[in-house]
2 protein chains.
Amino acid sequence: MVRTARFSEEDFIEATMALVAEGGPAAATMQAIARRVGAPTGSIYHRFDSRSAVLGAAWNRAYASFIKALAPLLRKGRPREAALAILPWSRENERRARFLLLNEPVTLFEDTPPPAPLREELERLEEEFDGAFRACVSGCGDGVVRDEDLARAKFLIFDAPIAILRPHLMRGGALPPFAERMIAELHAGMPLAATRNRAARPAVVA
Amino acid sequence: MVRTARFSEEDFIEATMALVAEGGPAAATMQAIARRVGAPTGSIYHRFDSRSAVLGAAWNRAYASFIKALAPLLRKGRPREAALAILPWSRENERRARFLLLNEPVTLFEDTPPPAPLREELERLEEEFDGAFRACVSGCGDGVVRDEDLARAKFLIFDAPIAILRPHLMRGGALPPFAERMIAELHAGMPLAATRNRAARPAVVA
DNA sequence: ACCATTCTAAAACGTCTATTCTAATTGGCA
DNA sequence: TGCCAATTAGAATAGACGTTTTAGAATGGT
């Protein structure tokens, strides 16, 4: 190294997350990222090949942090704790939570996909997460993991809690206490494994 | 009228929905919309003021159709039926379902909001939907609708079913039968009104 | 003190997009 | 038939954005 860098990868990634969290993916233009860091746009290209490389790096970083918080609980066979762990993680990583949980990768990368190394890293992360789900599901039944059971687990532990949190993440500010209650009740009322060989208990109407 | 129009508002709206449903919001450029209809780009501007006017009109149309399918059931106090009604609606309106349920208005309109008349129409639609939810919730308890109860109803009837359907809507193709089972079980296991004056039933772990 | 290297800095380029403009065409109606 | 507003038609414009280029400044070993 011959010249000390004023701006780090970290700086650009953090700025990107903040911009997307605040104004959606379209707000994270290269010029906006640079402006936020206080750098000229060209400097970003000394660290990243392209805009999708910046976005991809930010996504992988946020996703890895999220998985780190949930996967151990899943592997220990604690789906309810895993679902509830999304709350403290979101509170401690507000920016990351808004960035990760309020955007779909498909909309974030729809124009140009990230470069190969980042795509591969993302695949690894997704496999790790998927594996944790499978471990959790297979721990609660026999060895075979049926599609329905996996879909059900992902819903109960991931998609449903996020759906509960979404309005409050969007609005900003604190997550209300009843969000936690809703997640807990959801897990109390709906079993992780699909009821086999009998129809769902019919709901009592009126 | 002095010259018969070859292209209708309808044509452009339908093309816009199809493009967004197939390739995300960014795929619906004015040129892509025009190409799909077989018209020159300029012709769109004889019917719509701007791109956001086209998107807004498409959104309002899809949303109105969706609300029309659900609101009556909500007002009749049938939350479970309302949630399940999303399935046939999505099957009968596959294009609209992908357009409406797979995109957030905030990302669709983040660059430039639709013109005032469309915004007002959207507000009316949202109020109608909100009113139906409130009617449904207040029907199941006393007159006062608490924030928590409203959030819970919107989750059970709207967000959770959509979260269940999302992977299958994205992938395309038929919605699996277990999606219906999951929604039914969700409503069987989790009551519409929050349990008052006592904590949520604790889940049995391990 | 020099020099290769790494970085900042800012302007410039090329592409893509929404939008506008100008001209040609249509078809009911006086 | 000949007018005329509505419409088609497609090129032209202007701006935004990602990316590249060029120039210069800083650094640490030799």
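Convention: sequence-line order gives letters A, B, ...; per-chain numbering from 1.
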Side chain B:Arg152, main chain A:Met182, donor-acceptor under 3.5 Å: no

Would you please name every residue forming a salt bridge (charged side-chain N to carboxylate O under 4.0 Å, His left out) with B:Glu121, sequence neighbours left out? none

Under the rule for side-chain hydrogen bond (donor to acceptor under 3.5 Å, both in side chains), what residues qualify as partners of A:Arg119, not counting sequence neighbours? none

Phosphate contact (D:dT7 OP1 or OP2) by B:Ser43 side-chain N/O below 4.0 Å: no

Compute the bend angle of the helix from C:dA1-D:dT30 to C:dA30-D:dT1 from the end axes (five pairs per end), rounded to 10°. 20°

Check side-chain hydrogen bond (donor to acceptor under 3.5 Å, both in side chains) between A:Glu180 and all other residues, then give those that pass, not counting sequence neighbours. none

Rounded to whole angstroms, how far apart are CZ on B:Arg47 and P on D:dA6? 12 Å

In whole Å, what is the span from the CD1 atom of A:Ile44 to the P atom of C:dA9? 13 Å

D:dT8 C1' sits how many Å from B:Phe48 CZ, rounded? 16 Å

Rounded distance (Å) that lies between atom P of D:dG10 and atom CZ of B:Arg35: 14 Å

Sequence neighbours excluded, the answer for salt bridge (charged side-chain N to carboxylate O under 4.0 Å, His left out) partners of A:Glu22 is A:Arg36

Report, one line per pair, each donor and acceptor closer than 3.5 Å where one atom sits in a side chain of residues 9-20 of chain B; sequence neighbours left out.
unit_1  : atom_1 : unit_2  : atom_2 : d
B:Glu10 : OE1    : B:Arg61 : NH1    : 2.5
B:Glu10 : OE2    : B:Arg61 : NH1    : 3.4
B:Asp11 : OD2    : B:Ser8  : N      : 2.9
B:Asp11 : OD2    : B:Ser8  : OG     : 3.3
B:Thr16 : OG1    : B:Phe12 : O      : 2.7

Set of side-chain hydrogen bond (donor to acceptor under 3.5 Å, both in side chains) partners for B:Asp111, sequence neighbours left out: none

Spacing between B:Arg3 atom CZ and C:dA23 atom P, to the nearest angstrom: 17 Å

Give the rounded distance in Å between these two atoms: CZ of A:Arg6 and P of D:dA25. 15 Å

Along nucleotides 15-22 of chain C, 5' to 3', which nucleotides get a B, which get an S, and which get a -, given that the test is a protein heavy-atom distance under 4.0 Å? --BBBB--

Say whether, by atom type as modelled, one donor and one acceptor occur between the side chain of B:Asn103 and the main chain of B:Phe99 under 3.5 angstrom. yes

From the set C:dT8, C:dT26, D:dG10, return the single nucleotide nearest to any side-chain atom of B:Pro40. D:dG10

What integer distance in Å separates B:Glu9:CD from D:dT8:P? 12 Å

Just distance, no hydrogens or angles: give the donor-acceptor pairs under 3.5 Å from side chains in residues 42-56 of chain B, sequence neighbours left out.
unit_1  : atom_1 : unit_2  : atom_2 : d
B:Arg47 : NE     : B:Phe7  : O      : 3.0
B:Arg47 : NH2    : B:Phe7  : O      : 2.9
B:Ser50 : OG     : B:Ser52 : OG     : 3.2
B:Ser50 : OG     : B:Ala53 : N      : 3.3
B:Arg51 : NE     : B:Ala28 : O      : 2.9
B:Arg51 : NH2    : B:Pro25 : O      : 3.1
B:Arg51 : NH2    : B:Ala28 : O      : 3.1

